[in-house]
Amino acid sequence: MKLYVEIENMNHLIQEVEKEATNLYYFDLDYTVLGMEDRLFYLVNNKTINIGTEFSISELINPDRKPCNYIFEVKEIKKETSLVVMVFKKKEVI
């Protein structure tokens, strides 16, 4: 059974990603967030997860700054729809 990922507070994630992207002309926000969703999809389908499990996605958005870890937590697992609801918790500069 494949599990699908939904990031519940996407607007908060987008705001944090945009803070790192100082040059929005060369930055593709949709591609970056989709990449994070793809990596979360891979992780939830290849690891044992429970409610409260945290995942860290490293991302270098601005080459002039340090990379960041974006921390997500499993909020809910809906077995009937094979959906894992993730919550973006915080951004940590590495």
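Computed from a prediction, not measured in an experiment: that's the story for all the values here.
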Among all residues two or more places apart in sequence or in another chain, which pass the salt bridge (charged side-chain N to carboxylate O under 4.0 Å, His left out) test with E6?
none
Within the distance-only criterion (no hydrogens, no angle test), does the side chain of N9 pair as donor or acceptor with the backbone N or O of F88 below 3.5 angstrom?
yes
Any residue meeting side chain to side chain contact (heavy atoms under 4.5 Å, CB included) with K66, in chain and number order, not counting sequence neighbours
V93
Do the side chains of L83 and V87 join up, straight or via other hydrophobic residues, at under 4.5 Å, putting them in one cluster?
no
Are V74 and I57 connected in a single hydrophobic cluster, I mean Ile/Leu/Val/Met/Phe/Trp/Tyr linked by side-chain heavy atoms less than 4.5 Å apart?
yes
Can you measure from NZ (K90) to SG (C68) and round to the nearest 0.5 angstrom?
13.0 Å
In Å, rounded to the nearest 0.5 Å, how long is the span from OH of Y70 to OG1 of T32?
8.5 Å
Residues which pass side chain to side chain contact (heavy atoms under 4.5 Å, CB included) with L29, listed by chain and number, not counting sequence neighbours
I14, V17, E18, F27, V33
N45: side chain to side chain contact (heavy atoms under 4.5 Å, CB included) partners, not counting sequence neighbours
K2, L3, F41
Contacts of E59 meeting salt bridge (charged side-chain N to carboxylate O under 4.0 Å, His left out) (sequence neighbours excluded), chain-then-number -> R39
Side chains of E8 and E76 in contact at under 4.5 Å (non-hydrogen atoms):
no
Hey, any chance M10 and V44 share a hydrophobic cluster, counting ILVMFWY side chains that come within less than 4.5 Å of each other, even indirectly?
yes
From M86 CE over to I71 CD1, what is the distance, rounded to the nearest 0.5 angstrom?
10.5 Å
Do other residues, nucleotides or ligands put more than 12 heavy atoms under 6.0 Å from K75 NZ?
no
Going from CD on E37 to CZ on F72, what distance comes out if it is rounded to the nearest 0.5 angstrom?
8.5 Å
Using the rule that Ile, Leu, Val, Met, Phe, Trp and Tyr join whenever any side-chain heavy atoms are under 4.5 Å apart, tell me whether L40 and Y4 fall into a single cluster.
yes
Which pair of heavy atoms, one from R65 and one from L60, lies closest together, and at what distance?
O-CD1, 3.6 Å
What donor-acceptor contacts under 3.5 angstrom involve side-chain atoms of residues 47-56, with partners at least two apart or in another chain?
residue, atom, partner, partner atom, Å
T53, OG1, N50, N, 2.9
T53, OG1, N50, O, 2.8
E54, OE2, K89, NZ, 2.5

